[in-house]
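Naming convention: chains lettered A, B, ... in sequence-line order (proteins, then strands); numbering from 1 in each chain.
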Number of protein chains: 2
Amino acid sequence: MEEKLIPDIVVGRLPLYLRALQHMTNEGRQVTSSQELGERLGISAAQIRKDLSQFGEFGKQGTGYHIDFLQDQIRKILKVDRVWSVAVVGAGDIGSAVAAYQGFANRGFQVTMLFDNSPAKIGKKIGNFTVLDIATLEETIRKEGIQVAMITVPADQAQAVADLLVKAGVKAILNYAPLSLNVPSEVRVQNTDPATHLQRMTYYLD
Amino acid sequence: MEEKLIPDIVVGRLPLYLRALQHMTNEGRQVTSSQELGERLGISAAQIRKDLSQFGEFGKQGTGYHIDFLQDQIRKILKVDRVWSVAVVGAGDIGSAVAAYQGFANRGFQVTMLFDNSPAKIGKKIGNFTVLDIATLEETIRKEGIQVAMITVPADQAQAVADLLVKAGVKAILNYAPLSLNVPSEVRVQNTDPATHLQRMTYYLD
DNA sequence: TAGATTGTTAATCGATTAACAATC
DNA sequence: TAGATTGTTAATCGATTAACAATC
């Protein structure tokens, strides 16, 4: 049923559109246009229309887009019209922070497990989570059918954790460790490394 | 002295090259090639050579690149051959975690200040930091000449904080709040929103 | 109707890759 | 020397933008 091949760069912009639309809903807005969306996001109106047109016709000439309707459509496209269970591996500062993060609500995700390998942490409470033993990760994740995980362990353990997650059936990994993970091509990885992000900006400073 | 205009997408890959080279150094390696780097990073060898050639000739035919030398060159290009002072605004879970993050060492950054607006936090110790009053932000950042900051406040306060940082002279912002910031064109922003990253991957799941 | 804005096509622009002479 | 790998050019590929007929 997936007819067309959509460029990944287009898929990558949809979450930004969705976020802006949710923001507009919070402001009590009903209708928007490609131009307004573009101004908010720093993206051209033509590009937004082109991106959306890959998936269907969601607007009306002369009027624009109904915000609620477009939101629903993008949620379906991105498959965040449901709640994905997320496992967090690594109960350090970052892992604890993302496990407690309030920002996943209404965006399609709920952290349901927090793993670590440290005997000092296993079994202890961190926020609402009881830290689980990483030795039980594969079995637990497979049993629950979890497909989404975040890696928040130190760099030297991240690849081993990734291997374990892949073995357990995880198909999408958000990696906070500062290195490039090696995974099979059917597994998606997104990296978020604060030093890398900052280094990308210092080039432009004096 | 900046002769050529370098595409931002090229600048964005340099931190990845640098990270891989640092990793190789840790493994005790001396020499690498565009092919090896490419395999590690999932980038074509041709692209790596092309990217590097924008800045100079760093390799030798038949041999490849001296890792230490190339690292030094990229550090200079990215201006991380020095240590940038970084201000963190927002002393919640995420702000506290990035303020304590060990991964900035040797990558050009040191968090030196942690701000918040909550009377319950101001003056208290969080890790090695005494939380500073956001009311003093502009003056303090300007006096110290800080150009790099991270925003880790809730979404509804992020734009106001960004405005304040820009007024204080900050030129590079790493934004953890889930919204698009509006800043003048001379200020760089990088966004990192876990829900957005995850939504970019669920499209490919079943 | 007049004005606004979509969806789409064609044109432009930019990025990636392939190929190879140069040379270590 | 023979083999390897660079830096660079030209070709290819893909993404963005401009423009406009369709139509609400």
From the set [options], return the single nucleotide nearest to any side-chain atom of [X].
X     : options                : value
B:K60 : C:dT8, C:dC24, C:dT17  : C:dC24
A:I9  : C:dT8, D:dA15, D:dT8   : D:dA15
A:S44 : C:dA15, C:dG7, D:dT17  : D:dT17
B:R49 : C:dA19, C:dT17, D:dA15 : C:dA19
B:S33 : D:dT5, C:dT5, D:dG7    : D:dT5

**Request:** Could you say whether B:T63 or A:I43 is positioned toward the 5' end of DNA chain D, judged by the nucleotide with the nearest heavy atom to each?
**Result:** B:T63
**Request:** Respond yes when some side-chain nitrogen or oxygen of A:Y65 is under 4.0 Å from OP1 or OP2 of C:dG7, and no when none is.
**Result:** yes
**Message:** Is there a salt bridge (Lys or Arg N to Asp or Glu O under 4.0 Å) between B:R29 and B:E36? Walk through the geometry before answering.
**Reply:** CA-CA 12 Å; B:R29 306 279 314 286; B:E36 188 192 33; 2.9 Å; yes
**Prompt:** Short question: side chain of B:T202, backbone of A:L78 - any donor-acceptor pair under 3.5 Å?
**Reply:** yes
**Request:** Answer yes when B:K79 and A:D206 have at least one side-chain N-carboxylate O distance shorter than 4.0 Å, and no when they do not.
**Result:** no
**Message:** Can you tell whether the side chains of B:D133 and B:K121 come within less than 4.0 Å, N to carboxylate O?
**Reply:** no
Euclidean distance, atom [atom1] of residue [X] to atom [atom2] of [N] [Å, nearest integer]:
X     : N      : atom1 : atom2 : answer
A:E57 : C:dT9  : CD    : P     : 11 Å
A:I48 : C:dT8  : CD1   : P     : 16 Å
A:Q47 : D:dA15 : CD    : C1'   : 8 Å
B:E36 : D:dT6  : CD    : C1'   : 15 Å
A:D8  : D:dG14 : CG    : P     : 14 Å
B:L52 : C:dT16 : CG    : P     : 14 Å

**Request:** Once you apply the 3.5 Å cut-off to both distances, tell me the Watson-Crick or G-U wobble partner of D:dA22, or none.
**Result:** C:dT5
**Any-strand Watson-Crick or G-U partner of D:dA10, both distances under 3.5 Å** = C:dT17
**Message:** Evaluate A:R188 against A:I173 for side-chain contact (heavy atoms from CB on, under 4.5 Å), listing each step before the verdict.
**Reply:** CA-CA 6 Å; A:R188 317 289 307 184; A:I173 296 175; over 6 Å; no
**A:Q61 or A:K50, whichever maps to the more 5' nucleotide of DNA chain C** = A:Q61
